[in-house]
Amino acid sequence: MSFNSDVAKRLEEISEMLELLGENPFKVNAHARAARAVEGSSQDLRGLTDHRAALVAIEGIGPKIADKIIEFAKTGRMTEHDELSAQVPAGLMVVLAIPGLGPKTVRMLWQERQITDVAGLKRIIEDGSILDLPRMGKKAVEKIANAIRFAEQDTGRLHIGVAMPVARAIVEHMRRVPGVTEAAYAGSLRRGKESIGDIDILVATKDPAGAAAAFTGMPGVLAVLASGERKCSVRFALEVDLGRWEMEGLKGDAEEGPSVQVDLRVVDEASWGAALMYFTGSKEHNVRLRERALKRGLTLNEYGLFPEDSEDTPPQQRGVKPVASAAEAEIYGGLGLPSIPPEIREDRGELALTETPRLIEVGDIRAELHAHTTESDGSLALEELVAGAKARGFHTIAVTDHSKSSAVAGGLDVKRLKKQREAIDALRERTEGMTILHGSEVDILSDGRMDFDDETLAWLDVVVASPHAALGQDPATATNRLLRAIENPHVNILGHPTGRLINRRPGLEPAMEEVYAAAREHDVALEINAHWLRLDLRDTHVRGAVEAGCLIAIDCDVHQGEDFDNLVYGVLTGRRGWLPPERCVNTWDRARLGAWIGRKHPR
DNA sequence: GCCGTTTTCGGCCCGACTGTTTTCAGTCG
């Protein structure tokens, strides 16, 4: 785990333990916020621990928390964390993680019945003694029991590539419901996060009851969790195809199969923009917007931006006319801000923008530079791959089958490479309008050596260098390994730099600042591998790389035809990293891209 | 515990839903 993640985890735990001890809620929130600031930071905070002022300069980190971070860097411990851990049983944190059980209830269970873990909670549910506690009726207890059951089989967050098709299908379903004038998905999915907790669907309609009925009654609904006038929640069945990664680590109820919670919010058309903004989040972004509104004598809620007054009743209930409400852009404008793209609404500096940034879009991408054929572990023949790239309007496709060390993936040795070159030359003869580059996804061996000698690397048209094995090595070794690959004079792109698989394995944890600096110096593009199981670089790394002046490549790592469709996830990740199109080599025209690649492969 | 274009002290976002209540507390997003 990276230093930032380690620190964030401890700060988050401090926040939760303080909450269970009944501490000041603002102190609790301050730690939670600091944890998010640390987790979301694009720089490795370990490098800042010699400069206290630099830590304190980060929003959400003050002098006290800075000292805790410094202590952790020096000693590997946080005294406050240790002291709190001695007071709060570890099992209580697991109980707190059960949806529907909040700090007040868990604290009450702990104090009144000495419950310190899930097993204890199950025991008093089974013997019925939980019913004697305040606010614990039959229905409440049944809900808790269901939540425990689901939590025990829950796999955590859902990959964006699994959630997105489901959300799109539900939005289409809701659009066809009579009376519905607008439908969209919101939440972390709209922000393009790599994984999501649940799916948020928003509709505008004149017939809320009809929309709710159409939602709770649609095919795929396994259970209705809540059903109100403005909000419904259901558990929805998932069909998951992990393709060449066999299904592992993603499981659901044994009988029902994997599922996801989907929330429907029903709003009036007039407040569509305010509602979409509110339900898109992030929570931190929204809080900042509300604070900003208050400073300007306004109040912001999911119904609109209103003039501030001292009444207790919310303005929309008193017929107060909003300053803005129908469109997101109007509300940002009313707050003196440019429109902020959903992907960067994370309270990571976006509210200081004076104009809407031009971030990369799917339509900007003109080339795929990382693709496999049946020669290694792809399922597309050479001709099919090139046809697929052409169908998407690309001007360049790079054929980059695995190198010889990736034996299980059918990696090519030099002899097979030469033969492949003949086939590519022949295909070039009969292909118009498409530049076909003959490259290789060359293994970066565990010590940083490349899987081919320099002569072979130079002979290839393009080289994507990727780590595939020894992904558990320590950070220092991993850093040297990647730096050595970047320094090779024939490497164009560093492929999936960390080798992580989301929710599956953490991958390498190199010193990213050093990787950025070397990549910039040696003119190597860092890849955003667009497969939704990888998204590697991840969003925060992209932000760091962009700030460090690096070039980025967004590649689908095509193994089968559908993989081209993963481009959207790579682009979303780029947008979350504030990536402008000109810094992504896949957006360049044929000549510029060819010249950039060719500098390392002279003919 | 953090923060400051009214502040270095006194604030800290806002509303819906649920279940257990008879006016509201807790949770969630």
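In what follows, chains are A, B, ... by sequence order, proteins preceding strands, each numbered from 1.
Using a 4.0 Å heavy-atom cutoff across all strands shown, A:K283 reaches at least one base atom of the nucleic acid. A:Y303 comes within 4.0 angstrom of the backbone, heavy atoms only, and of no base. If you check every strand for non-hydrogen atoms under 4.0 Å, A:T299 touches sugar and phosphate atoms only. Residue contacts shown for A:P134 are absent, as no nucleic acid heavy atom lies under 4.0 Å away. If you check every strand for non-hydrogen atoms under 4.0 Å, A:D198 touches sugar and phosphate atoms only. Within the nucleic acid shown, A:I58 comes within 4.0 Å of sugar-phosphate atoms alone, with no base atom in reach, counting heavy atoms only. Using a 4.0 Å heavy-atom distance criterion, A:L289 is classed as making no nucleic acid contact. Contact annotation for A:P25: no contact, since no heavy-atom pair falls under 4.0 Å across all strands.
A salt bridge links A:R500 with A:E194; the closest basic N to acidic carboxylate O contact falls under 4.0 Å. Electrostatic pairing of A:E328 and A:R190 counts as a salt bridge here, judged by a charged N lying under 4.0 Å from a carboxylate O.
Rounding to whole angstrom units, CG of residue A:N24 and P of B:dC12 are separated by 13 Å. Distance CG (A:L305) to P (B:dC13): 16 Å, rounded to an integer number of Å. Taking atom CD on A:E284 and atom C1' on B:dG29, their separation rounds to 11 Å, with Å as the unit. Rounded to whole angstrom, the span from the CD1 atom of A:I144 across to the P atom of B:dG19 amounts to 11 Å. The NZ-C1' distance, from A:K139 to B:dG26, rounds to 16 Å in whole Å. Rounded to an integer number of Å, the gap from A:D347 CG to B:dC12 C1' is 14 Å. Put simply, CG on A:L294 is 14 Å from P on B:dG11, counting in whole angstrom units. Here the C1' atom of nucleotide B:dC2 and the NZ atom of A:K64 are 10 Å apart, to the nearest Å.
Of the candidates B:dT18, B:dA16, B:dG1, the closest approach to any side-chain atom of A:R230 belongs to B:dA16. Among B:dG1, B:dT27, B:dT20, the nucleotide with an atom closest to any side-chain atom of A:A140 is B:dT20. Of the listed nucleotides (B:dG15, B:dC12, B:dC13), B:dC12 has the atom at the smallest distance from the side chain of A:F26. Between B:dG29, B:dC13, B:dG19, one nucleotide has an atom nearer to the side chain of A:Y278 than all others, and that is B:dG29. Comparing atom distances between the A:P103 side chain and each of B:dG19, B:dA16, B:dT27 picks out B:dT27 as nearest. Taking only side-chain atoms of A:T105, from C-beta outward, the nucleotide of B:dC2, B:dG4, B:dG26 with the closest atom is B:dG26. Out of B:dG29, B:dC17, B:dG1, the shortest distance to the side chain of A:R265 is found at B:dG29. Closest approach to the A:K68 side chain among B:dG1, B:dC14, B:dT27 is made by B:dG1 (side chain taken as heavy atoms from C-beta onward). Side chain of A:E291, nearest nucleotide from B:dG15, B:dC13, B:dG1: B:dC13. Side chain of A:K231, nearest nucleotide from B:dC2, B:dC17, B:dG4: B:dC17.
Where A:G228 and A:Q261 meet DNA chain B, the nucleotide closest to each residue was compared, and A:G228 sits on the side nearer the 5' end. Position along DNA chain B of the nearest nucleotide to A:R290 versus A:K295 favours A:K295 as the more 5'-ward residue.
Atom CZ of A:F72 is separated from atom CD1 of A:I69 by 10.5 Å, given to the nearest 0.5 angstrom.
Checked options A:E12, A:E346, A:E284; the residue passing with A:R36 is A:E284 (criterion: side chain to side chain donor-acceptor pair (under 3.5 Å)). Screening A:R576, A:R538, A:R348 against A:R543 for a side chain to side chain contact (heavy atoms under 4.5 Å, CB included) leaves a single residue, A:R348.
A donor-acceptor pair shorter than 3.5 Å can be found between the side chains of A:H81 and A:E13. In the model, A:Q261 has a side-chain atom that pairs as donor or acceptor with a side-chain atom of A:D263 under 3.5 Å. For the residue pair A:T205 and A:D207, no side-chain donor N or O sits within less than 3.5 Å of a side-chain acceptor on the partner. For the residue pair A:N301 / A:Q316, a side-chain donor-acceptor distance below 3.5 Å is found, with atom types taken as modelled. Side chain to side chain, A:E547 and A:S42 meet the donor-acceptor criterion of an N or O pair below 3.5 Å.
Atom name P, nucleotides B:dC9 and B:dT23: the rounded distance is 42 Å, in whole Å. Spacing of P atoms, B:dG26 relative to B:dT21, comes out at 13 Å, to the nearest Å. B:dT8 and B:dT18 have their P atoms separated by 45 Å, with the value rounded to a whole Å. Taking atom P on both nucleotides, B:dC12 is separated from B:dC17 by 25 Å, rounded to a whole Å. Using atom C1' as the reference point in both B:dT20 and B:dA25, the two lie 9 Å apart (nearest Å). The gap from the C1' atom of B:dC3 to that of B:dC13 amounts to 16 Å, rounded to the nearest Å. Rounded to whole Å, the C1' atom of B:dC14 lies 24 Å from the corresponding atom of B:dT7.
Using N1 to N3 plus N6-O4 or O6-N4 for Watson-Crick, or N1-O2 and O6-N3 for G-U wobble, each under 3.5 Å, B:dT8 pairs with nothing.
Side-chain atoms of A:S282 come within 3.5 Å of backbone N or O of A:R345 as a donor-acceptor pair.
Glycosidic conformation, B:dT7: syn, with the torsion inside 90° of 0.
Near-neighbour residues of DNA chain B inside residues 200-215 of chain A, defined by a heavy atom below 4.0 Å, are absent.
Taking side-chain N and O atoms only, A:N301 has a distance below 4.0 Å to OP1 or OP2 of B:dG15.
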